[in-house]
Amino acid sequence: MSTANNVRVRFAPSPTGALHIGGVRTALFNWLFARHYHGKFILRIEDTDQTRSTGESIKIIVDGMKWLGLDWDEGPFRQTARMDIYRAYIDRLIKGGKAYYCYCTPDELEIRRKEALKAGKPPKYDRKCRALSAPVPGRIPAVRFLSTDEGQTIVRDLIRGAVTFENQQLDDLIIQRSDGFPTYNFAVVVDDVTMKISHVIRGDDHLNNTPRQIQLYQALGYDPPEFAHLPMILGADKTKLSKRHGATAVTEYIDLGYLPEALVNYLARLGWSHGDQEIFSSQELIENFSLDTVGKAPSVFNPEKLLWLNHYYIQQADHGRLAALVLDLLRKDGVVKTEPDIEWFKKLIAMLTERSHTLVEMKTGALPFIIDEITIDEKAKAKHLTADVAPLLRELADRLKPIEPFSHEEVEKVFTSLVNEKGIKLGKLAQPVRVALTGGTVSPGIFEVIAVMGKDKVIRRIVAAANLI
RNA sequence: GGUCCCAUCGUCUAGCGGCCUAGGACGCUGGCCUCUCACGCCGGAGACACGGGUUCGAUUCCCGUUGGGACCA
């Protein structure tokens, strides 16, 4: 498939809630495939389930895709806008004798299913309505596809290889419900046909649907596309990833302070690999992506590795970009009273990146530099702001006042001489100062902190801390 | 229960018959660095599910068992 420039793939989520990790991985692989082969990537919203689909969810999907950088070439198409098309294809099947009306109610079906089961027969539809010559009065029918009984349907999957299904296992599936809406398996086939999809790349959970879809393609008179079924993403307990496994929605990762490139990189490496390489830019992903190197086994989602990647990408990120992102978070928290000077804020960001795994951590680290009044952690105070350090802090404040420029190097000189004169270790002075300035015991290097925080704030806080003792 | 799929360190994976005393990454862990916490650097523990074949030789091919998953009900 090296010259397949007519590649057309799609991502077809149902707008019934969040855009979750599994969906993103499917979207990503489709996108990579399309970009690798210079084909088209189509976004299609499968919203025929009217009871569960919402406009809000469509927005979440669209926004999520944009955030991730997964741009599409056509769409978003909505199935609800295509009802006429489905009806036309239904009619075609009925007229061709390949589909028939079914008047059975769910209750009736359930009873017969149980009877069949009791009699030791497979619980497939008994085709009762196929022989009907006239409509059943007072009932609105569904439409069933007349499936093939004999032989086998072979799914030639690009990832799985040939998967064989016995046709007698497949029963006459409903293609149009009595409410007039097409069912999933039918709509997806009509959509993929009319949108000229060349490769259907989707989750493993659809593999069992594929033989009946192939039969529909054949009944409609079309060649099926290529199929590629991606292995599932599992939670730590090895069941299909879901909400109970923790954060699974894209929006949650945005809120948690993740960068899109970290999520993309992580998800790309879940089920796909390229030798020993772990870090991939989007461009490298596009260049190297191939269905040949997609694994068959399901993979467990590992949040810690994602966190590691996020840390990596924060180190790589442009400070101006990070500054804007972190500032946004601070504004949302309502702690930004006066807009900080952006060049100064970038210095703060530069100091914070190394020890931050998420933007939220950066925000927390930036807080003492932004707000006017800090609250000092009680434990930290008890341990480091002891009676003997009060004079030490006052002495330090006095010596810092005349320092110009108020730089890392100059400040360090003051500390060094003070520490030497008193014959104490640097830590004995640095930790109390750290508590005085940030309210806690954890921060970047103390000289950096002091230089970035600025003389006024530093001296004010050191004196305030001394007065607290 | 039926159908289908899958099987290398705890996790993601490399491996497509000999290069494997099984490599990398996350995590874990020992040490170094050090003003705290991190980062970083150096080292360590840690896997081919099991049983049969095929072959001169199996992690790699085939079959079975076991285990896990998905779909349908």
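We name chains A, B, ... by the order of the sequence lines, and we start the count at 1 in each one.
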Measuring from the side chain of [X] (C-beta onward, heavy atoms only), which nucleotide among [options] has the closest atom?
X: A:His357; options: B:rA70, B:rC12, B:rC39; result: B:rC39
X: A:Gln169; options: B:rG2, B:rG27, B:rG10; result: B:rG2
X: A:Arg160; options: B:rC6, B:rA70, B:rG24; result: B:rC6
X: A:Pro298; options: B:rC6, B:rU13, B:rC5; result: B:rC6
X: A:Asn208; options: B:rA70, B:rA7, B:rA38; result: B:rA70
X: A:His311; options: B:rC6, B:rC5, B:rC39; result: B:rC39
X: A:Asp276; options: B:rA14, B:rA70, B:rC35; result: B:rA14
X: A:Glu304; options: B:rA70, B:rU13, B:rC26; result: B:rC26
X: A:Leu234; options: B:rC71, B:rG69, B:rC26; result: B:rG69
X: A:Trp308; options: B:rA25, B:rC5, B:rC39; result: B:rA25

Aromatic contact, [X] with [Y] (centres under 6.0 Å):
X: A:Phe145; Y: A:Phe186; answer: no
X: A:Phe369; Y: A:Phe345; answer: no
X: A:Phe29; Y: A:Phe289; answer: yes
X: A:Phe280; Y: A:Trp272; answer: yes

Which whole-number value in Å describes the distance from [X] [atom1] to [N] [atom2]?
X: A:Arg269; N: B:rG24; atom1: CZ; atom2: P; answer: 14 Å
X: A:Glu354; N: B:rU34; atom1: CD; atom2: C1'; answer: 12 Å
X: A:Asp157; N: B:rC6; atom1: CG; atom2: C1'; answer: 13 Å
X: A:Phe415; N: B:rU36; atom1: CZ; atom2: C1'; answer: 13 Å
X: A:Lys428; N: B:rU36; atom1: NZ; atom2: P; answer: 14 Å
X: A:Lys296; N: B:rU8; atom1: NZ; atom2: P; answer: 13 Å
X: A:Arg25; N: B:rC12; atom1: CZ; atom2: P; answer: 12 Å
X: A:Leu241; N: B:rA70; atom1: CG; atom2: P; answer: 11 Å

Original post:
In terms of side-chain geometry, is the basic nitrogen of A:Arg321 or A:Glu261 positioned less than 4.0 Å from the acidic oxygen of its partner?
Top reply: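 Judged by the 4.0 Å cut-off on N to carboxylate O distance, A:Arg321 and A:Glu261 do form a salt bridge.
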Base-pairing mate for [N] - Watson-Crick or G-U, with both contacts under 3.5 Å:
N: B:rC72; value: B:rG1
N: B:rG51; value: B:rC63
N: B:rA38; value: none
N: B:rA25; value: B:rU11
N: B:rC56; value: B:rG18
N: B:rG46; value: none

Subject >> Exam field: side chain A:His20 to backbone A:Ala249, donor-acceptor pair closer than 3.5 Å >> reply: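 Flag not set: sc A:His20 to bb A:Ala249 has no pair under 3.5 Å.
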Subject >> Short side-chain to backbone donor-acceptor contact, A:Asn288 and A:Glu284, under 3.5 Å >> reply: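 Yes, A:Asn288 side chain to A:Glu284 backbone: donor-acceptor pair under 3.5 Å.
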Using the [atom1] atom as the point on both nucleotides, what is the distance between [M] and [N], in whole Å?
N: B:rG10; M: B:rC4; atom1: C1'; result: 29 Å
N: B:rA25; M: B:rC32; atom1: P; result: 22 Å
N: B:rG69; M: B:rG31; atom1: C1'; result: 42 Å
N: B:rU11; M: B:rA47; atom1: P; result: 12 Å
N: B:rC50; M: B:rA58; atom1: C1'; result: 16 Å
N: B:rC42; M: B:rC5; atom1: C1'; result: 44 Å
N: B:rC20; M: B:rG15; atom1: P; result: 15 Å
N: B:rG23; M: B:rC48; atom1: C1'; result: 13 Å

Subject >> Residues from residues 435-457 of chain A lying under 4.0 Å of RNA chain B - heavy atoms >> reply: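 Contacts with RNA chain B under 4.0 Å: A:Thr441, A:Val442, A:Ser443, A:Pro444, A:Gly445, A:Ile446, A:Phe447.
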**OP:** Could you tell me whether the side chain of A:Glu278 has a donor or acceptor atom within less than 3.5 Å of a complementary atom in the base of B:rG24?
**Re:**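 Per atom types, the contact qualifies.
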**OP:** Tell whether A:Arg434 reaches the base of B:rC35 with its side chain through a donor-acceptor pair below 3.5 angstrom.
**Re:**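 Answer is yes: a donor-acceptor pair is held.
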**OP:** Tell me, with the steps shown, if A:His245 and A:Thr239 meet side chain to side chain contact (heavy atoms under 4.5 Å, CB included).
**Re:** CA-CA 9 Å; A:His245 293 109; A:Thr239 64; 3.5 Å; yes
Original post:
Do you know which of A:His199, A:Arg10, A:Gln213 makes side-chain hydrogen bond (donor to acceptor under 3.5 Å, both in side chains) with A:Asp192?
Top reply: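 For A:Asp192, the side-chain hydrogen bond (donor to acceptor under 3.5 Å, both in side chains) test succeeds with only one of A:His199, A:Arg10, A:Gln213, which is A:Arg10.
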**OP:** Using the side-chain hydrogen bond (donor to acceptor under 3.5 Å, both in side chains) rule, pick out the option among A:Thr153, A:Asp172, A:Thr148, A:Asp171 that qualifies with A:Arg212.
**Re:**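 The passing option is A:Asp171.
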Original post:
Nearest nucleotide by nearest heavy atom, which residue falls closer to the 5' end of RNA chain B, A:His408 or A:Asp237?
Top reply: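 The answer here is A:His408.
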Subject >> Residue whose nearest RNA chain B nucleotide is more 5′ - A:Arg355 or A:Val300 >> reply: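 Going by which nucleotide is closer to the 5' end, it is A:Val300.
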Original post:
Between B:rC12 and A:Ser273, is there an OP1 or OP2 to side-chain N/O distance shorter than 4.0 Å?
Top reply: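 No, no such contact exists.
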Original post:
Taking only N and O in the side chain of A:Lys238, is any of them less than 4.0 Å away from OP1 or OP2 of B:rG67?
Top reply: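 No, no such contact exists.
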Original post:
So do the side chains of A:Leu306 and A:Tyr253 get within less than 4.5 Å of each other, counting heavy atoms only?
Top reply: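 Yes - at least one pair of side-chain heavy atoms lies under 4.5 Å apart.
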